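Note that the structure is predicted; figures quoted are calculated from it, not measured.
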Amino acid sequence: MYTLRHWNYSKSVFKNLQNRYAILYLTCSIMMLSTGGRLYFMTTVISLIVFYGVYLQKLTIKKMAIVAIMGLTFAGMIGIVRQAQSESGDVWLAIGANIILEPALTSISSMTFIQSNDLPILADVKYPLSLFINLLPSFLFRDLRNEISVDLETEYDIESPLGALSSFVSWIGYFGILGSLAGLFIFGFLLSILKNRTDSTSHVIYGMLCGATMFTFFRDQFNISLIKIMIQDSVLAPLFIFIIIKCTNKIFGYKR
C-alpha cells in the first residue's frame, strides 16, 4: 500500500500490479494460502480494496458486489481444499456450507458465554492490562506477562468450536459492557480521523485496520486480533516503515 500511495500511484489496478512490490505480495500470499491462512490472506485483500476504493478510485456498487462474490467463492474453495471436501458430490454446496459454517461456529461462543456467565458491567483492570502487556518484548518482561496473563476460555465458561472466539466475548470479557461501548466509540472515532488525514501513513493504517475488522477481529481473541494484528502489525509496523523511509530520504537526499 505504501508503494501504491507513495511511489507508484495510479488509478489503474493493473498498472499498480505491474511492479516488484506487487510481485512480492503475490508471492507471500501464495505461501500463506499454501499453509492454510485463507482468512489472513483475505484480510490483506480487503485492506487493499478499502485502500484503493477510498484513496485511489471510488468503487461502484456493481464492482464491490462482483469482488465480494469472487472473494467469498475463493475463500470457500480454499476451505473445502483444506478440509478435503473437494471430492464431495456438489462442490458449490460444499463452498456455501464452508462459508456459512465460519460465522455459525464463531457465534456458538457468544451464545454459551451469555447463557453460562454473568456479563460484567466493567471488567477488572487486569483483563485489559493482560492484553496490552503483550506489546512489551517477552524476553524482557516474561515474568510480568506470565503473572497477569488472562485466558478468557479458562476465566469464563465458553465453548469455542475449532478455536473461533466471537468478538462479543472478547469485548465483554476484557472490558465489560460499559468498557466495550467506550472502546467501540473510540475505535470508530480514531478510524474517522485516520480516513480524513492526508498523509500516506494514515491511509495505509486505515486500510489495514479496516481489513482486520472484517475477519480476525470477529473470530480471534483480542491478544491476537486487537494487539498483534491491529495495533502491532497495522499501526506500529507502518509507523516503523515510515520512520525508516524518512531516515533513508534524509540520509541519501531523496525528495520523496
| query | Between His203 and Tyr55, what is the shortest heavy-atom contact and its length? | reply | CD2-CE2, 3.2 Å

| field | CG on Leu226 to CD on Gln232, rounded to 0.5 Å | value | 11.5 Å

| request: To the nearest 0.5 angstrom, please state how far the CZ atom of Phe189 sits from the CG atom of Leu194. | output: 10.5 Å

| query | Is Thr216 reaching over with its side chain to a backbone N or O of Ala212, donor-acceptor style, under 3.5 angstrom? | reply | no

| task | Find out if a path of hydrophobic residues (ILVMFWY) with successive side-chain heavy-atom gaps under 4.5 Å connects Met208 to Ile244. | result | no

| request: Using the rule that two of Ile, Leu, Val, Met, Phe, Trp, Tyr join whenever any of their side-chain heavy atoms come within less than 4.5 Å, decide whether Phe242 and Phe240 are in one cluster. | output: no

| message | So, taking the atom named CZ in Phe113 and the one named CG in Asp118, what distance separates them when rounded to the nearest 0.5 Å? | response | 9.5 Å

Let me check something: any side-chain donor-acceptor pairs from residues 164-177 under 3.5 Å, sequence neighbours excluded? List them with distances.
residue	atom	partner	partner atom	Å
Ser166	OG	Ser110	OG	2.7
Ser166	OG	Phe168	N	3.2
Tyr174	OH	Gln221	OE1	3.0

| So how far is it from Leu236 CG to Ile227 CD1, rounded to the nearest 0.5 Å? | 9.5 Å

| Leu209 side, atom CG; Phe187 side, atom CZ - distance, nearest 0.5 Å | 5.5 Å

| What heavy-atom pair brings Asn134 and Lys228 nearest, and what distance separates the two atoms? | O-NZ, 3.5 Å

| So which of Asp199, Ile205, Val204 actually passes side-chain contact (heavy atoms from CB on, under 4.5 Å) with Ser202? | Asp199

| query | Are the side chains of Leu191 and Tyr206 in touch, meaning some heavy atoms are under 4.5 Å apart? | reply | yes

| task | Using the rule that two of Ile, Leu, Val, Met, Phe, Trp, Tyr join whenever any of their side-chain heavy atoms come within less than 4.5 Å, decide whether Leu181 and Leu190 are in one cluster. | result | no

| message | Are the side chains of Val50 and Ile46 in contact, using a 4.5 Å heavy-atom criterion? | response | yes

| query | At what distance, to the nearest 0.5 angstrom, does OG1 of Thr43 lie from CE of Met230? | reply | 10.0 Å

| request: Is it possible for you to say whether Leu178 and Val125 belong to one hydrophobic cluster, with membership spreading through side-chain heavy-atom contacts below 4.5 Å? | output: no

| Can you name the nearest heavy-atom pair linking Glu159 to Thr112, along with the distance? | N-OG1, 3.2 Å

| Do Leu152 and Phe222 come close enough that some side-chain heavy atom pair is under 4.5 Å? | no

| remark: Correct closest heavy-atom pair for Asp157 and Ser116 would be OD2-CB, 3.4 Å

| said: Are Ile114 and Tyr156 linked, directly or through intermediate hydrophobic residues, by side-chain heavy-atom contacts shorter than 4.5 Å (ILVMFWY only)? | reply: yes

